[in-house]
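All remarks here apply to the structure that follows.
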Amino acid sequence: MFSKRIALFFLAALMTAVGASAQSGLTDRKQFMVFGVAFYNLENLFDTINNNGTYDLEFSPQGSRQWDGHKYWSKINNLARAIGAMTTKTTPMGPAIIGVSEIENKGVLDDLVKAEPIKNWRLQVVHHDSPDRRGVDVGLLYNPRMFRVLNVTNHTLRIPGYENFRTRDQMCVTGLLAGDTISVIVNHWPSRLGGQERSSYLREAAADLSKQIADSLWAIRPGQGVIVMGDLNDDPMDRSCAVNLGAQRSPAKVGPHGFYNPWWKMLDDGIGTLAYKSQWNLFDQIIVSGSLLEQNARPGGLSYWMCKVNNFDFLIDRTGSRQGYPHRTYSAGQWLNGYSDHFPTEIFLIKQR
């Protein structure tokens with residue numbers, strides 16, 4: 001049964017690639033500028049220094065993973081290769097903006113953007129230390145030739161009655177892309193620890209916070225675009241995304257201050273970003289505000305075009321029980337010298353020249 005699912009997965013991926021290629025030609029003829037906006041869960045990108053003595057110990061030479069310089073730099077270069085592959089005919093310098101999660105600190109991102117496969121892009125780093133108990137944060141990489149940062153705010157998720165709750169802050173980066181003001185809210189919502197249903201209220205609260213951030217942005221600039229991205233630990237149809245955030249399956253139903261979630265159909269077609277027990281999920285979502293949809297966008301402004309899962313062939317594990325899954329760094333305590341247990345995702349925004 002699972003081998004059949006894998007076959008369907010690769011067929012759907014091929015169809016997605018063909019569709020993207022066809023639309024790329026259409027874009028060229030209509031003389032549009034195209035900008036990629038990506039997200040990538042970097043799966044425990046820790047340096048080798050034990051800073052906090054608890055979780056961090058695991059990712060040190062003395063820890064259970066024997067996380068040394070060789071493994072660290074292998075992962076840095078692997079991740080840079082994955083990001084460097086995010087180029088298309090219309091985006092030859094890769095995405096303008098890349099949100100990331102599961103990073104230990106700013107230093108690992110500084111190392112990443114200097115790695116050979118992407119160093120010529122001269123990506124810049126936005127980072128903030130979160131109160132998360134595991135010591136992981138979200139961050140944002142951007143190409144300053146395409147995106148100019150205007151403002152950064154960070155927002156802590158608080159759960160009433162659980163004063164000791166700690167998770168990743170939500171980072172809101174506002175800037176100019178092709179002359180248009182957009183805000184990107186980078187997330188890594190609480191995990192499903194304890195079960196999906198029992199932990200759902202945490203992600204619902206995280207979705208409420210993202211919506212509140214968006215509403216506060218629109219109170220200042222009613223027409224601006226807002227993008228909510230991240231490892232949401234839920235699928236598009238789950239309550240946090242579909243109800244609390246209100247991200248709709250159909251763009252026709254979305255007003256300027258609503259949200260469109262283009263990943264519903266992708267998951268329906270058998271394409272996901274991570275797999276568990278032969279089941280694909282699509283947690284790594286990039287959700288766009290209605291103000292970025294063609295029917296609501298201002299004339300001549302940025303608008304949403306398409307989305308894709310960057311499930312490059314070299315990111316797929318070809319051996320053992322994880323065949324067809326993302327080729328991760330560790331599995332069952334064994335170092336695989338892989339990339340991440342998530343595939344990166346990307347949307348494309350267009351603007352007429």
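We number each residue from 1, following the sequence as shown.
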Sub-3.5 Å donor-acceptor pair from the side chain of Asp235 to the main-chain atoms of Met237, do we have one? no
Anything under 30° is parallel, anything over 60° is perpendicular, the rest tilted; go ahead and classify Phe59 against Phe46. parallel
Would you indicate whether the side-chain heavy atoms of Trp121 and Thr87 approach each other to under 4.5 Å? yes
Residue of the set Glu204, Gln196, Arg198, Glu197 for which side-chain hydrogen bond (donor to acceptor under 3.5 Å, both in side chains) holds with Ser200: Glu204
Taking atom types as modelled, is there a side-chain donor on Glu116 or Asn77 under 3.5 Å from an acceptor on the other? no
Asp231 side chain near Ser101 side chain, heavy-atom distance below 4.5 Å: yes
Go through the side-chain N and O atoms of Thr329 and Glu43 and say whether any donor and acceptor fall under 3.5 Å apart. yes
I'd like to know if the side chain of Asn44 pairs up with that of Tyr330 as donor and acceptor (distance under 3.5 Å, no hydrogens or angles considered). no
Is there a path of hydrophobic side-chain contacts, each under 4.5 Å between heavy atoms, that joins Leu150 and Ile185? no
If the plane angle is over 60° it's perpendicular, under 30° parallel, otherwise tilted; pick one for Phe343 and Trp280. parallel
Flag, side chain of Ser289 to backbone of Gly225, donor-acceptor distance under 3.5 Å: no
Assess whether a salt bridge exists between Glu58 and Arg65, defined as any Lys/Arg side-chain N lying under 4.0 Å from an Asp/Glu carboxylate O. yes
Ile98, Ile287: one ILVMFWY side-chain cluster at the under-4.5 Å cut-off? no
Take atom CD of Gln66 as the centre, draw a 6.0 Å sphere, and report whether it contains more than 12 heavy atoms from other residues, nucleotides or ligands. no
Strictly below 4.0 Å, N to O, side chains only: are Asp180 and Lys351 in salt-bridge contact? yes
Hey, are Lys114 and Asp110 close enough for a salt bridge, meaning a charged N less than 4.0 Å from a carboxylate O? no
Looking at Arg166 and Asp132, is there a salt bridge between them, counting it only when a charged N and a carboxylate O are closer than 4.0 Å? no
Within 45° cone and under 6.0 Å: Arg81 NZ/CZ vs Phe314 ring: yes
Mind telling me whether Tyr142 and Phe147 have parallel, tilted or perpendicular rings, with 30° and 60° as the class edges? perpendicular
